[in-house]
Protein chains: 2
Amino acid sequence: MTGKTRVGEVGRTARKSRSGRTEATRKPGDERWAELLQVAAKTFADKGYSATTLQGIADELGMLKGSLYYYIRTKEDLLFELVRSVLVLAEERLAERVPDDGPAVDRLEVLVREHVIFLIEHLTETTVYLHEADQLTADRRAKLPVHGFIARLEKLVVDGKEDGTIRPDADPHLGALTILGAANWVYRWYRPGGNSSPEEIAEEIARMCRKSLEA
Amino acid sequence: MTGKTRVGEVGRTARKSRSGRTEATRKPGDERWAELLQVAAKTFADKGYSATTLQGIADELGMLKGSLYYYIRTKEDLLFELVRSVLVLAEERLAERVPDDGPAVDRLEVLVREHVIFLIEHLTETTVYLHEADQLTADRRAKLPVHGFIARLEKLVVDGKEDGTIRPDADPHLGALTILGAANWVYRWYRPGGNSSPEEIAEEIARMCRKSLEA
DNA sequence: CCTACCGATCGGTAGG
DNA sequence: CCTACCGATCGGTAGG
C-alpha cells in the first residue's frame, strides 16, 4: 500500500516465455513472493489447504485476488512449493547434523532429536507438510523430493540389531513408523511459550525412542 | 434406488417440532441416516472435510443434495456427529478393557494396545477424528465428549513413578504426548492387507511405549 | 425425500 | 500488479 515496487507486465511476460530468458522469473529471490509463501503457509497451517481461499491470502497481502496469478498459476502451486522447500531444508539439516557412523542406537537418537528440533523450528511449514501434503494431486505428490526418512529409520534399526545396540526382537518397519509417529506428533501439540524448550522436548522424545528399541 | 422407504413430509415436521414429540426424529435408528454417516466418514477420511462436497455425498447415496437437509441442518452436523460417536465408542471400549489396578506400566501397555486396536478397527472414523476434528467451529468442538485420554496417560506415568515401574526421570506430560503420537500415528499408515495383523501391530507399539518409560 | 431455486463465493483468466 | 470479468460450484432454503 505504501512503498511497493511496481513492475507492470514484466512478470507476466517472464512467466509466459520461460524458455530462453536472461531476466529471471519474478519468483526466486523476490521479497513479495516470500511474503506470499509465508502468508500461505500460516493460513494453510491454521485453516487447512482446502478451507483456505486465495481471496483471504490476497486480503492479508493487501492485493487483489487476481494479482496472485502474477506469482502462481494455481492455488496448488503454493502448497507444492511450501512442501517441496521444507523437504529440501529438512534433508540438508539432517545431512549435516546426523553422523553416518557409530552405534546405530546412538545415531537413531540423534536423528530423532534433530528431526524434532527441525520440526519445532519450522512448525508452520512442517505442519503444512504433515497435515496438508495429501491434498496435493497425485502427480504433484510424485514430484516431491522425499528423502526416505522412514527407510533411513528402518535401516538404523536393522543396523542396530547387527551391532547389538538394538533389541533382537525389534521390528524394523513397525519400529520406524512408531518412532516417526512419536516424533512427528509434536506438530499437533507444540506451541511456543510452553514449559519445556524445544531442545528439552527433542531430548526427551529422542530418549524415549532410544529406550523403546534399545537392547 | 430399489426398495427405499418413502416417508414424505413426516421427517421434516418431526425435525422442526422436536420439543414435545412422541414420534422420534428420523435420525436415530434410521438405516438411511446410518448410510449417510458412513458415506460422509469415508469421504471425509479420503478427501478431508473441507474438500468434501455435499453434492458428492448425495451422489454416492443416490439422492439430491437438497434432500440431505432432511437429515442434517448443516454440513458440520455430519462431522460433529461422526467425531462425537467415535469418541463415545472409544471411551466405552477402553473402560471395559483396561484395568484400574496393577502396576502402572502394565496398565499403560494395555491402554496403548487397546487404543491401537480400536484405532485400526475403526480406521475411517478415527481418521476423521484425528485429522478433521479441528475443522469444527470452536463452539462445536467444546461440545465434544472428550474423555481426557492424555490426562489418563499422564496419570499412569505419575503412578508408575510412585509404584516404581516407570523411570523416575520420566516427564509425565511429554511422555504422555509422545506415547499418544506413537499410537495415533497408526492412522497415517495402516491399511488393511498389510503384513502384520492389527493385534501384532498393537502389541509391538504397546511394547515400545512400555520400554520407552519403563524403570 | 424431490422441485426449484438463491446468494455468495470459488479458482481462474484476458488484457493492460 | 489492477480492472473487469466468468463459469462453476458451494452450502443452504422454501415448499410440497
Side-chain angles (χ1 to χ4, degrees), chain A residues 1-17 23 25-27 30-36 39-40 43-44 47-80 135-137 140, chain B residues 1-17 23 25-27 30-36 39-40 43-44 47-80 135-137 140:
Chain A
M1 239 80 167
T2 45
K4 278 162 195 169
T5 336
R6 298 284 168 104
V7 281
E9 300 85 280
V10 175
R12 190 152 217 278
T13 315
R15 207 186 62 219
K16 279 211 163 173
S17 57
E23 59 264 42
T25 311
R26 189 79 195 286
K27 283 187 194 175
D30 189 84
E31 198 180 307
R32 203 66 170 145
W33 167 241
E35 275 182 64
L36 170 52
V39 169
T43 319
F44 290 166
K47 318 205 297 186
Y49 170 73
S50 190
T52 296
T53 101
L54 292 178
Q55 184 66 66
I57 291 179
D59 287 351
E60 199 124 344
L61 285 166
M63 64 170 77
L64 294 181
K65 183 184 61 169
S67 305
L68 292 175
Y69 289 86
Y70 171 71
Y71 298 95
I72 59 175
R73 273 180 313 173
T74 70
K75 180 186 176 186
E76 201 187 7
D77 284 358
L78 287 170
L79 180 57
F80 180 77
Q135 294 283 340
L136 286 169
T137 51
R140 278 279 175 99
Chain B
M1 240 82 165
T2 44
K4 279 164 198 166
T5 336
R6 298 283 167 105
V7 281
E9 299 86 278
V10 176
R12 191 152 216 277
T13 315
R15 207 186 62 219
K16 280 214 166 172
S17 56
E23 58 264 42
T25 310
R26 189 79 194 288
K27 284 185 191 177
D30 190 82
E31 198 179 307
R32 202 67 169 146
W33 167 242
E35 274 182 65
L36 169 52
V39 169
T43 319
F44 290 166
K47 318 206 296 186
Y49 170 72
S50 190
T52 296
T53 106
L54 292 177
Q55 183 67 66
I57 291 178
D59 287 351
E60 199 123 345
L61 286 166
M63 64 170 77
L64 295 182
K65 183 183 61 169
S67 306
L68 293 175
Y69 289 85
Y70 171 72
Y71 298 94
I72 59 175
R73 273 180 311 171
T74 71
K75 181 186 176 187
E76 201 188 6
D77 283 358
L78 287 170
L79 179 56
F80 180 77
Q135 294 283 339
L136 287 168
T137 51
R140 277 278 174 100

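First the proteins, then the strands, lettered A, B, ... as listed; each starts at 1.
- A straight line from CD of E76(A) to P of dC10(C) spans 18 Å, rounded to a whole angstrom.
- With a cut-off of 3.5 Å on both pairing distances, the Watson-Crick and G-U wobble pairs of DNA chain D assemble into stems of 3 or more at C:1-16 with D:1-16.
- The CZ atom of F80(A) lies 14.0 Å from the CD1 atom of I72(A); values are rounded to the nearest 0.5 Å.
- There is no side-chain donor-acceptor pair under 3.5 Å between E60(A) and T43(A).
- Taking atom OH of residue Y70(B) and atom P of nucleotide dG16(D), one finds them 18 Å apart after rounding to whole Å.
- On a pure distance criterion of 3.5 Å, a polar donor-acceptor pair joins the side chain of K65(B) and the base of dG11(D).
- For S67(B), counting side-chain heavy atoms from C-beta on, the closest listed nucleotide (dC2(D), dG12(D), dC2(C)) is dC2(C).
- K75(B) forms a cation-pi arrangement with Y49(B), by the criterion of a distance under 6.0 Å to the ring centre and an angle within 45° of the ring axis.
- Scanning all heavy atoms of the two residues, the minimum distance from Q135(A) to G48(B) falls at NE2-CA, 4.3 Å.
- Rounded to an integer number of Å, the gap from I72(A) CD1 to dT13(C) C1' is 13 Å.
- Taking CG of L78(B) as the reference point, atom CZ of R73(B) lies at 12.0 Å (rounded to 0.5 Å).
- Distance CG (L68(B)) to P (dG12(D)): 11 Å, rounded to an integer number of Å.
- A heavy atom closer than 4.0 Å to some atom of DNA chain C occurs in no member of residues 51-59 of chain B.
- A donor-acceptor pair is defined here as one N or O able to donate and one able to accept, closer than 3.5 Å; no such pair exists between the side chain of S67(B) and the backbone of M63(B).
- The separation between Y71(A) atom OH and dG12(C) atom C1' is 18 Å, rounded to whole Å.
- Residue Y69(B) has no polar side-chain atom (N or O) positioned under 4.0 Å from OP1 or OP2 of dT13(D).
- Contact between the side-chain N/O atoms of R73(B) and the OP1/OP2 oxygens of dG12(D) is not found at any separation under 4.0 Å.
- Y49(B) places its OH atom 9 Å from the C1' atom of dG11(D), with the value rounded to the nearest Å.
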message = Quick one, T137(A) with E76(A), criterion side chain to side chain donor-acceptor pair (under 3.5 Å). Give me CA distance, side-chain angles, the key distance, then yes/no.
response = CA-CA 8 Å; T137(A) 51; E76(A) 201 187 7; 2.8 Å; yes
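- Within the 3.5 Å criterion, the main-chain N or O of L61(B) finds a donor-acceptor partner in the side chain of R32(B).
- Ring geometry for Y71(B) versus W33(B): interplanar angle under 30°, hence parallel rather than tilted (30 to 60°).
- Spacing between atom CG of L64(A) and atom P of dG15(C) amounts to 19 Å, rounded to whole angstrom units.
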